[in-house]
Amino acid sequence: MIKEFEKQIRNLQKELAEVQKGQAALRLQPCRGDSEIREKDGKLEKLDRRAKTISETIRDLERKRQKLMAESTIREISCA
């Protein structure tokens with residue numbers, strides 16, 4: 001179970017890095033008018049929400065992983 005959490009965390013971290021690269025590339029794109037600015041802002045907002053969701057999911061998985069590790073450590077100590 002812990003390894004599954006670790007794998008999910010790694011995959012989400014890779015996805016987050018890709019989203020952040022997309023954000024950086026989008027920020028560097030020039031805009032020529034109000035419509036392009038609004039379109040760019042909409043895309044950035046969508047990427048920001050995605051990055052926030054991924055970060056929260058990573059935090060939740062890390063907490064669950066740490067909790068499982070602590071429980072397994074307690075079991076090992078009590079069995080010894």
Side-chain angles (χ1 to χ4, degrees):
M1 187 76 149
I2 292 173
K3 294 209 184 261
E4 291 174 24
F5 284 140
E6 290 171 347
K7 183 178 179 182
Q8 288 177 341
I9 290 168
R10 276 192 307 275
N11 290 338
L12 286 170
Q13 287 170 335
K14 289 177 186 177
E15 187 177 346
L16 180 59
E18 290 175 18
V19 169
Q20 290 170 336
K21 284 180 189 176
Q23 286 173 317
L26 189 59
R27 283 190 180 100
L28 293 175
Q29 289 180 349
C31 296
R32 284 183 243 171
D34 289 343
S35 63
E36 287 182 6
I37 291 172
R38 282 191 296 275
E39 184 180 328
K40 183 177 176 179
D41 285 344
K43 289 178 183 178
L44 281 171
E45 200 172 293
K46 184 178 177 181
L47 288 172
D48 287 341
R49 283 193 306 264
R50 182 68 185 138
K52 182 179 177 183
T53 302
I54 292 171
S55 295
E56 289 171 356
T57 305
I58 289 171
R59 264 187 258 120
D60 290 341
L61 289 172
E62 286 177 342
R63 275 191 223 113
K64 289 177 184 178
R65 181 181 147 272
Q66 288 174 350
K67 183 178 177 183
L68 282 175
M69 289 175 67
E71 288 173 357
S72 67
T73 302
I74 290 171
R75 278 188 230 125
E76 288 176 10
I77 293 172
S78 64
C79 290

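For Arg10, there are no salt bridge (Lys or Arg N to Asp or Glu O under 4.0 Å) partners at least two apart in sequence or on another chain. For Glu71, the salt bridge (Lys or Arg N to Asp or Glu O under 4.0 Å) partners at least two apart in sequence or on another chain are Arg75. Qualifying side chain to side chain donor-acceptor pair (under 3.5 Å) partners for Arg50, counting only residues two or more places apart in sequence or in other chains: Glu15. Residues forming a salt bridge (Lys or Arg N to Asp or Glu O under 4.0 Å) with Glu39 (at least two apart in sequence, or on another chain): Lys43. Applying the side-chain contact (heavy atoms from CB on, under 4.5 Å) test to Glu56 and every residue at least two apart in sequence or in another chain returns Lys52, Arg59.
Among residue pairs with one or both ends in residues 17-37, those qualifying as salt bridge (charged side-chain N to carboxylate O under 4.0 Å, His left out) are Arg27-Asp48; sequence neighbours excluded.
At least one donor-acceptor pair closer than 3.5 Å links the side chain of Lys40 to the backbone N or O of Leu26.
The hydrophobic cluster analysis finds Ile37 isolated: no Ile, Leu, Val, Met, Phe, Trp or Tyr side chain comes under 4.5 Å of it, directly or through other members. Cluster partners of Leu28: none. The rule joins Ile, Leu, Val, Met, Phe, Trp and Tyr whenever side-chain heavy atoms lie under 4.5 Å apart, and it links nothing here.
Considering CG of Leu16 and CD of Gln20, their distance stands at 4.0 Å, rounded to 0.5 Å. How far CG of Leu47 is from CD1 of Ile54: 9.5 Å, rounded to the nearest 0.5 Å.
The shortest non-hydrogen separation linking Val19 to Ala51 is CG1-CB, 4.0 Å.
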Check: residues 61-70 side-chain donor-acceptor pairs under 3.5 Å, at least two apart:
| from | atom 1 | to | atom 2 | distance (Å) |
| --- | --- | --- | --- | --- |
| Arg63 | NH1 | Asp60 | OD1 | 2.8 |
| Arg65 | NE | Glu6 | OE2 | 3.2 |

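Proximity of Thr53 to Thr57: side-chain heavy atoms (C-beta onward) are separated by under 4.5 Å at one or more points.
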